[in-house]
Amino acid sequence: MQARKKYLLLAFLASWLFLLLLLLGDRLRRSAFMSQPRAVSPRSWPRWADRSLLGSFAAPQELQDLGTPSPPSSRLNSSSRCRMENCFDLGRCRRHGFKVFTYPRQRGQPVSDSYGKILASLERSRYHTRRPEEACVFVLPFDTLDRDRLSARYVPGLGQQLGASPLWNGGRNHLVFNLYSGTWPHYGPELGFDVGQAMLAKASFDAESFRPGFDVSIPLFPRDHPQWGGQEGRLRHSAVPPRKKYLLAFKGKRYLTGIGSGTRNALHHIHNGKDIVSLTTCKHGKDWEKHKDARCDKDNADYEKFDYQELLHNSTFCIVPRGRRLGSFRFLEALQAACIPVLLSDGWELPFSEVIDWSKAAVVGSERLLLQIPSAVRCIHPERVLALQQQTQFLWDAYFSSVDKIVHTTLEIIKDRLLPHRSRPRFLWNEPPGGLLALPDFSTHIGDFPFYYLQHGSSPSEKFTALIRVVSPLSQPVLRLIQAVSRSQYCAQILVLWSCEEPPPPLEKWPQITVPLSVIEGRREPSDRFFPYAAIRTDAVLSLDEDSSLSTSEVDFAFVVWRSFPERIVGFLASSHFWDAEQQRWGYTSRWTNELSIVLTAAAFYHRYYHSLFTGYLPAGLRELAGGLAACEDILMNVLVAAVTKLPPIKVAQRKQHKEAVPQQQVKGTAPSSSWGFSQQQDCLNQLAEWFGYMPLVSSQLRLDPVLFKDQVSILRKKYRHLERP
């Protein structure tokens with residue numbers, strides 16, 4: 001019995017010892033595994049346009065390892081781990097602000113048209129500096145756009161030239177632009193030189209080589225892409241319902257061999273010849289007949305039956321498959337045409353994905369799930385389709401319609417990284433007018449901008465600041481104007497911008513009024529009135545010239561109107577622009593007609609944000625241009641507001657005597673109808689149109705009058721009685 005107990009005890013102890021050894025072994029294996037460096041997890045594919053509608057399209061995990069495998073990148077070295085914290089000298093930017101230096105161009109150095117446009121945009125930018133010691137970012141003079149060794153535009157020997165430059169410093173604080181990398185047959189990410197610690201602004205960026213928070217993915221754009229301005233989008237206000245003739249369309253090359261051929265070779269499977277048109281041709285390249293397959297002849301014949309532009313503009317969705325590289329020109333073409341892009345390019349880091357929410361403008365698909373695309377896009381509701389189309393137009397106009405916008409979007413993304421606490425929220429990038437026109441130096445709160453009161457559920461402040469520009473010694477008309485404005489129930493303060501050569505009179509010479517009055521000494525320049533003075537604490541600014549003649553009723557009514565349209569200029573004195581077909585240039589007229597496109601800031605309300613935009617957004621050269629021509633600063637402010645809002649100004653009711661008033665900006669010593677005076681204003685219009693790349697001004701026939709204005713009833717029954725009194 002004792003022996004039996006002894007054996008049972010030994011068996012029990014042995015089992016416990018065995019379990020203990022198993023537990024210790026498992027912990028040792030885990031600790032050894034955890035001590036090894038972890039592999040970087042693959043970047044997830046961008047979110048679907050609408051997960052509820054495209055739930056069966058593909059699961060995110062299915063998209064991690066798709067696509068044609070690429071050869072190992074030659075850039076997988078220490079620079080692949082670059083971030084702003086370890087590969088960028090932030091101190092350079094703190095000393096002189098965000099300044100961009102472009103290397104001087106060397107004689108005989110070949111530069112393509114596209115790279116020339118990029119350099120021209122940088123040199124015209126408000127961030128440009130000619131002094132390298134002030135620079136925060138450096139841009140090379142060498143054309144780095146096409147790094148395909150087989151291309152005629154390939155520039156050899158860049159590595160040696162960069163090594164000889166004293167500013168290169170291993171690429172630190174440099175920005176390198178590139179559209180084409182790699183060469184046949186793999187078209188990888190290599191550029192043919194070591195970029196070191198330089199940031200890449202690159203088209204067809206693949207997610208594996210993209211360094212988040214450091215590089216910038218840009219779109220692939222053609223050589224004839226506009227330098228400034230750009231063509232407008234194709235979506236019209238009458239395009240409701242949003243469905244077009246074709247639901248889904250594609251027309252393009254089919255690669256018979258090599259990378260990118262898989263997806264395009266399969267596109268014919270979804271073609272039905274009715275609402276889905278998918279056409280390819282293998283008739284391209286010098287030796288296409290050598291690789292010709294059984295489908296080529298039929299595909300080529302069907303391909304010629306459709307016009308590409310007509311198909312593009314009459315399709316609701318446009319397939320944007322990868323080509324030899326991940327990006328293609330078709331992406332921008334679809335955006336402009338309001339044809340919702342259906343992206344089939346696995347692993348593509350979408351342009352400006354750091355700030356743009358592409359789920360609002362595109363459908364991101366998988367190359368392996370091509371056959372599911374027709375059913376997926378059919379499930380998208382018409383309301384969603386219209387929203388996607390509208391967003392394509394906004395993104396096209398805000399960031400992609402010109403080389404200048406592509407360049408400045410790149411710069412603004414980099415600038416936001418330097419001061420994260422003052423960077424634009426993602427909302428500002430994805431809602432009109434966009435991140436380029438929402439300056440974080442003014443505010444990062446959406447409720448402070450004049451465009452977002454409706455979305456934010458707020459309204460502008462209930463008071464205004466009057467800013468009166470005085471260019472001659474104090475006179476009775478100025479005193480009467482101050483008294484009339486101060487009697488407004490909405491007036492918070494009056495600021496006098498003293499631009500006279502004589503010093504301002506002492507305070508006892510100014511009228512005694514019930515609101516604060518301050519005098520600010522200006523620089524005697526016409527654009528002084530648009531400086532963002534810290535003393536302006538209200539949302540609304542009433543800009544006045546010293547010879548303006550307004551009653552309190554006029555001021556009150558105009559302010560009430562402005563509070564309903566805080567993003568526009570609301571005022572009394574109007575003029576208009578027109579196209580002179582005989583002279584083939586823009587003309588200017590101040591005649592009283594039914595049409596207007598300019599409201600003079602000699603007597604007008606607008607939001608104080610436009611002071612910051614005028615001073616901080618426009619380059620100094622453009623402001624100097626406006627200061628040198630008669631009334632040009634007035635026109636420039638109207639052009640700027642129209643470019644931001646895409647809306648005309650608003651004219652409000654005024655007393656009859658204003659018809660005879662001559663704007664202060666009229667050139668001294670000339671008659672109001674002087675052709676010389678108006679020729680300067682016409683020159684201003686045409687130079688501004690050239691600078692913007694188009695004419696932003698919008699014409700209108702709207703004038704707002706108070707209730708019972710000019711009606712044959714007693715004045716006592718009217719709220720704004722003094723509007724009709726002489």
Side-chain angles (χ1 to χ4, degrees), residues 57-58 62-63 66-70 148 150 180 182-187 204 220 222 244-334 337 339-348 362-378:
F57 194 54
E62 293 181 284
L63 301 172
L66 305 179
T68 308
S70 301
D148 186 340
L150 301 179
Y180 307 97
T183 188
W184 173 268
H186 298 296
Y187 296 95
S204 303
L220 182 65
K244 302 180 184 179
K245 182 178 180 181
Y246 303 106
L247 173 68
L248 185 65
F250 173 80
K251 182 181 179 183
K253 298 176 182 178
R254 176 163 68 89
Y255 304 117
L256 299 173
T257 59
I259 191 169
S261 60
T263 302
R264 296 202 176 202
N265 276 333
L267 286 173
H268 74 282
H269 290 296
I270 62 174
H271 174 78
N272 64 16
K274 298 176 182 178
D275 64 339
I276 299 179
V277 177
S278 181
L279 305 170
T280 58
T281 179
C282 45
K283 192 177 180 180
H284 59 88
K286 297 179 180 179
D287 55 351
W288 69 273
E289 291 184 344
K290 294 180 181 178
H291 306 284
K292 183 177 176 181
D293 60 19
R295 283 189 9 239
C296 273
D297 291 335
K298 184 179 184 306
D299 285 353
N300 294 341
D302 292 341
Y303 186 86
E304 299 298 332
K305 296 178 181 178
F306 289 83
D307 178 74
Y308 175 68
Q309 291 297 327
E310 182 180 350
L311 196 63
L312 191 68
H313 298 148
N314 287 283
S315 300
T316 304
F317 295 90
C318 285
I319 299 176
V320 182
R322 64 164 297 150
R324 293 301 193 191
R325 298 173 177 87
L326 294 174
S328 69
F329 298 139
R330 193 178 310 275
F331 180 66
L332 291 188
E333 294 169 349
C339 188
I340 302 166
V342 178
L343 305 176
L344 296 177
S345 186
D346 296 356
W348 183 20
V363 176
V364 183
S366 165
E367 295 180 44
R368 289 177 55 186
L369 301 176
L370 170 65
L371 299 182
Q372 294 187 21
I373 286 180
S375 59
V377 296
R378 289 186 197 279

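The figures here come from the full heavy-atom set of this structure, side chains too, leaving out hydrogens, waters and symmetry mates. Counting begins at 1 with the first residue of the sequence. Note that the coordinates shown come from a computational prediction; the quantities given were computed from them, not determined experimentally.
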Please examine the side chains of [Y] and [X], heavy atoms only from C-beta on, and report whether any two atoms are closer than 4.5 Å.
{"X": "V277", "Y": "K251", "result": "no"}
{"X": "L220", "Y": "F331", "result": "no"}
{"X": "F317", "Y": "L247", "result": "yes"}

Exercise. With a 4.0 Å cut-off, would you call R322 and D346 a salt bridge?
Worked result: no

[X] [atom1] to [Y] [atom2] distance, which is reported to the nearest 0.5 Å:
{"X": "Y187", "Y": "L326", "atom1": "OH", "atom2": "CG", "value": "13.0 Å"}
{"X": "K253", "Y": "S328", "atom1": "NZ", "atom2": "OG", "value": "11.0 Å"}
{"X": "K292", "Y": "K283", "atom1": "NZ", "atom2": "NZ", "value": "9.5 Å"}
{"X": "T280", "Y": "H268", "atom1": "OG1", "atom2": "NE2", "value": "8.0 Å"}
{"X": "I319", "Y": "I270", "atom1": "CD1", "atom2": "CD1", "value": "3.5 Å"}
{"X": "L344", "Y": "L267", "atom1": "CG", "atom2": "CG", "value": "7.0 Å"}

Exercise. Cation over ring, R325 on Y180, under 6.0 Å and within 45°?
Worked result: no

Short question: side chain of [X], backbone of [Y] - any donor-acceptor pair under 3.5 Å?
{"X": "T316", "Y": "K244", "result": "yes"}
{"X": "N265", "Y": "Y255", "result": "yes"}
{"X": "D275", "Y": "L248", "result": "no"}
{"X": "S375", "Y": "Q372", "result": "yes"}
{"X": "R330", "Y": "P341", "result": "no"}

For this session: Output, in order, the C-alpha distance, side-chain angles, deciding distance and verdict of side-chain contact (heavy atoms from CB on, under 4.5 Å) for E333 and L312.
Result: CA-CA 8 Å; E333 294 169 349; L312 191 68; 4.0 Å; yes

For this session: Verify the distance criterion only: is there a donor paired with an acceptor across the side chains of T281 and D299 at less than 3.5 Å?
Result: no

Seminar exercise, completed: All heavy atoms of Y246 vs all of K274, minimum pair found to be CD2-O, 3.4 Å

Seminar exercise, completed: Closest non-hydrogen atoms of L311 and A249, given as atom of the first, atom of the second and distance, are CG-CB, 3.9 Å

